[in-house]
Amino acid sequence: MRYGHFDDKQREYVITRPDTPLPWINYLGSQDYFGLISNTAGGYSFYRDARLRRLTRYRYNHAPLDVGGRYIYLRDRDSKEFWSPSWQPTRHAAEHYTCRHGLGYTIIGSTYQGIEAETTYFVPPGQSLEVWRLRLTNRRPKPARLSVFSSVEFCLWEAQDDSTNFQRNFSTGQVEVVDGVIYHKTEYRERRDHFAYFACSEKLAGFDTQREAFLGPYGGWERPAAVVKGRSQNSVAHGWAPIGSHHVRLSLKPGETREIIFLLGYHENPPDQKFDPPDSQTINKRTVGPLIERYLSPAAVAQALTALRAEWDKRLAVLQVRTPDPDTNRMLNIWNAYQNNVTFNMSRSASYFESGIGRGMGFRDSNQDLLGFVHMLPERARERLLDLAATQMESGGAYHQYQPLTKRGNFDVGSNFNDDPLWLIVATSAYVKETSDWEVLDEPVPYDNKPGSEQPLYEHLQRSLRYTLDRLGPHGLPLIGRADWNDCLNLNAFTTTPGESFQTTVNKDGKVAESIFIAGLFALAADELAGLAAARGAKAQAAEYLAAAARMSRVVDEHGWDGQWFLRAYDDAGAKVGSRECAEGQIFIEPQGICIMAGMGLADGRAEQALAAVRERLATPHGVLLQQPAYSRYYLNLGEISSYPPGYKENASVFCHTNPWVMIAEARAGHGDQAHDYYRRINPSAREKLSDVHRCEPYVYAQTIAGRDAATHGEAKNSWLTGTAAWNYVAISQWILGIRAGLHGLEIDPVIPANWDGFEATRRYRGGVYHIRVRNPQHTGHGVKQLTVDGQPVEGASVPVLKGEHEVEVVLG
Ligand code: GLC
Ligand code: GLC
């Protein structure tokens, strides 16, 4: 069953009924000012950091779902009826409802009793404000007299404090209302230089800024007293809960359309120009006045929307493909690329499942996310790399997370996730391959943001490798630390206290438990660093890293192979994890993916064996499971993984992030059919018809899909902010379609389904535009038999770097 449909031409997903299984959300903003918006206008906004600079409130895990948003109410002044054109919060059944989620904007439209309303929500590129453009049309045969109420609930900036520290916060709220603009200025008089504003293009019939005045005593958002009565209170908030609500009265002739613009924005004043007059406590509004005026004009709004579309055209144009599979095309050309931009901005901070409070930018997360956006945002990828590297420590270890506003490592979570540093190598290498910006490697970067500790980025990468080599366990495999990629395989925690964090509790000395996953990742990263070293002329170093990778592969051969697949780990007692000797958790997906990606087992048949075991034991129609059999009870020696009920999260769900690793492994083994089959199993667009099972948005990847041990097999959770986005993009574009940036040019080495006749792609790369045509005349699906550029044969599978437009033809066979 479907709740809408794709409109590929407009690059939109069109939701046609409001009661989606979960709020289906979209993101606004792409630089500093951001918002989440659901298909019924729920969500919130923030400036840079969802925890430290939250503009508006949202109630997570609330009943009813999805409360707190950008709500507009309409009231018929003759019949006294009122409703929300975005369905929530009044939930009147509209005659017609659509929500179009597009790239950086959302348009919610509905018709109720002949009044058509369409609101376009977006952030103008480069601005720290959001526009709500409301268009009202009277489809009745007679004139309509209407009231329009806007509403937002302000957050008192720090989202965690805002939702807990009531003894203080009920007394601090402050606003100003001047010329119809509502200014939220809590704490502006002392240490904050920023305020929020909420403006409207029309003359007001009234306003409200105190929640209780607007909603009425004990009132809720579904029936605000001001809307019921058709009258605002002109309330001014002193403490309690500051809100913003404008009231506009208008009359519409039959067929008439009116446009009303609301702006919600964030503004900072220079500290010495905060007040006007200077010796007062009144906000200096002269610095923001012209901006407000500008965006209250329909022409400026229309122009900004055009600029937004142009920005997305440019980003997406870097890679466009035409394959025989529409779900591949749609995801790669539009939605997966878009999701990669969102993970770039949000890492794991703010979604419907991430509260914006708990986690900031993850070190391993953002490094992996970079693989999916580096070609679209090279300059910002560079900045991200340097920010990440600055949270590395002198030991080579890294803070697991950092706060986006301060860019400082998060102390509460700390370090010692032993895979973390290696991802920095993988990300940097991808960046250099895309851009050929070799200078980045010489960029001085501090350790732990300490001035004076700067070393070239290249040295950071070397320390990353050394960090693993300095921490080898009894078998010569890397020690796992608090956890490796699987945050929930906590082999040094042994926790029995309820509520204790599995990731930060460590009560073993950490000298025994080892990770085969890190061994695979190490070999992969050492190989990448060797490539960079060789290209820089550091031959001896390159040889050293290749030798280290080869040594690690030998250790895996000896101690990391279980007979038919790669082992997962050794626990604190030196016992195997992910082995046929185990009662549960006999085979894990992660080492099968990463070890084969690093080239292990490809020459001696073990890769084939491991992949066959994955097919047999882990593959389901809904994707490939993380491990089997699921843990049916809590294992003290394994940690959080066994705390989840079987089939959920790390305990044997389809943890989607890992699936593309197996796709890449299948591609490396030459199995295009199998790789693409796995790709389709979790492709959200291919799963659209299962929307009532899948439940999350059909246009973006989710972190997990419940596994076959779960009662709700096939149900997705934690959509949007997941490494799944970047990795699926990498798997399909770089390994299945086989178009990947190399150190010395664009490599094209497809491993596609045998029955495809071929595909076409356009790739912009280092200043050139390549129109690629791949033909598969013998239906082998792989093996480059012939490669020509502008009709001239080229040796190997790599296209040289060329300026201008070029025709590339690849014949497989
Ligand atoms: C979450 C985390 C990620 C981790 C994964 C597996 O997605 O953000 O860092 O690798 O879970 O536990
Ligand atoms: C939980 C999740 C895991 C995530 C971790 C981050 O353990 O299961 O996916 O990475 O929290 O703290």
Side-chain angles (χ1 to χ4, degrees), residues 339 342-344 346-351 353-372 388 398-402 410 412-424 426-427 480-491 493 495 499-506 515 517-518 520-521 568-569 585 588-591 593-594 625-627 630-631 634 638-661 700-707 710 716-728:
Q339 187 177 2
V342 171
T343 59
F344 163 71
M346 300 291 140
S347 194
R348 304 297 169 266
S349 70
S351 73
F353 302 86
E354 300 278 10
S355 66
I357 292 173
R359 305 204 276 161
M361 313 297 278
F363 191 90
R364 79 158 80 86
D365 298 329
S366 286
N367 274 305
Q368 291 172 84
D369 293 345
L370 185 140
L371 306 177
L388 285 162
Y399 280 101
H400 197 48
Q401 292 156 10
Y402 75 88
N410 175 345
D412 307 335
V413 183
S415 171
N416 297 336
F417 294 78
N418 283 353
D419 63 315
D420 272 339
L422 295 169
W423 294 111
L424 184 65
V426 175
I480 196 166
R482 293 180 177 187
D484 60 21
W485 172 86
N486 190 330
D487 267 338
C488 298
L489 189 61
N490 314 114
L491 303 181
T495 158
E500 206 166 56
S501 160
F502 286 96
Q503 275 89 42
T504 57
T505 304
V506 175
S515 161
F517 175 83
I518 300 182
L521 179 60
R568 180 63 178 83
F588 280 65
I589 191 172
E590 305 100 301
I594 204 89
L625 301 170
L626 192 139
Q627 98 274 8
Y631 295 113
Y634 178 50
L638 300 179
E640 185 166 353
I641 190 168
S642 60
S643 75
Y644 287 110
Y648 293 102
K649 292 281 281 178
E650 280 85 344
N651 191 12
S653 77
V654 174
F655 207 99
C656 298
H657 187 143
T658 61
N659 279 222
W661 295 340
V700 288
Y701 287 98
Q703 182 198 53
T704 70
I705 296 173
K717 278 187 193 143
N718 300 2
S719 57
W720 280 100
L721 303 186
T722 162
T724 309
W727 275 111
N728 268 294

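For the single chain, residues carry numbers from 1 onward in sequence order. Quantities reported herein were computed from a predicted structural model and do not represent experimental measurements. In listed order, ligands and their atoms are each counted from 1.
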Just how far is it from atom [atom1] of [X] to atom [atom2] of [Y], taken to the nearest 0.5 Å?
| X | Y | atom1 | atom2 | answer |
| --- | --- | --- | --- | --- |
| Trp485 | His657 | CH2 | NE2 | 5.5 Å |
| Leu370 | Ser347 | CG | OG | 11.5 Å |
| Thr704 | Leu625 | OG1 | CG | 11.5 Å |
| Leu521 | Trp423 | CG | CH2 | 4.5 Å |
| Lys649 | Leu626 | NZ | CG | 11.0 Å |
| Glu650 | Glu640 | CD | CD | 6.5 Å |

* To do: State if Thr722 counts as touching ligand 1 under the rule of any non-hydrogen atom under 4.0 Å.
  => no
Where is the nearest protein heavy atom to [atom]: which residue, which atom, and how far?
| atom | answer |
| --- | --- |
| atom 7 (O) of ligand 1 | Gln703 NE2, 3.0 Å |
| atom 3 (C) of ligand 1 | Asp365 OD1, 3.2 Å |
| atom 1 (C) of ligand 2 | Glu640 OE2, 3.4 Å |
| atom 4 (C) of ligand 1 | Trp485 O, 3.2 Å |
| atom 12 (O) of ligand 2 | Gln503 OE1, 3.4 Å |

Side chain proximity check, [X] to [Y], heavy atoms < 4.5 angstrom:
| X | Y | value |
| --- | --- | --- |
| Asn410 | Tyr402 | no |
| Thr504 | His400 | no |
| Thr658 | Trp727 | no |

* Structure fact -> Taking only non-hydrogen atoms of Lys649 and a 4.0 Å limit, the atoms of ligand 2 in range are 2 (C), 3 (C), 8 (O), 9 (O)
* State the atoms of ligand 2, each with its element, that fall below the 4.0 Å cut-off from a heavy-atom position in Tyr644. => 1 (C), 2 (C), 7 (O), 8 (O)
With atoms numbered from 1 as shown, which atoms in ligand 1 lie under 4.0 angstrom from a non-hydrogen atom of [X]?
| X | result |
| --- | --- |
| Arg364 | 3 (C), 4 (C), 9 (O), 10 (O) |
| Asp487 | 2 (C), 3 (C), 4 (C), 6 (C), 9 (O), 12 (O) |
| Glu650 | 6 (C), 11 (O), 12 (O) |

* To do: Answer side chain, backbone, both or neither: which part of Phe502 comes under 4.0 Å from ligand 2, heavy atoms only.
  => neither
* Arg359 to ligand 2, any heavy atom closer than 4.0 Å -> yes
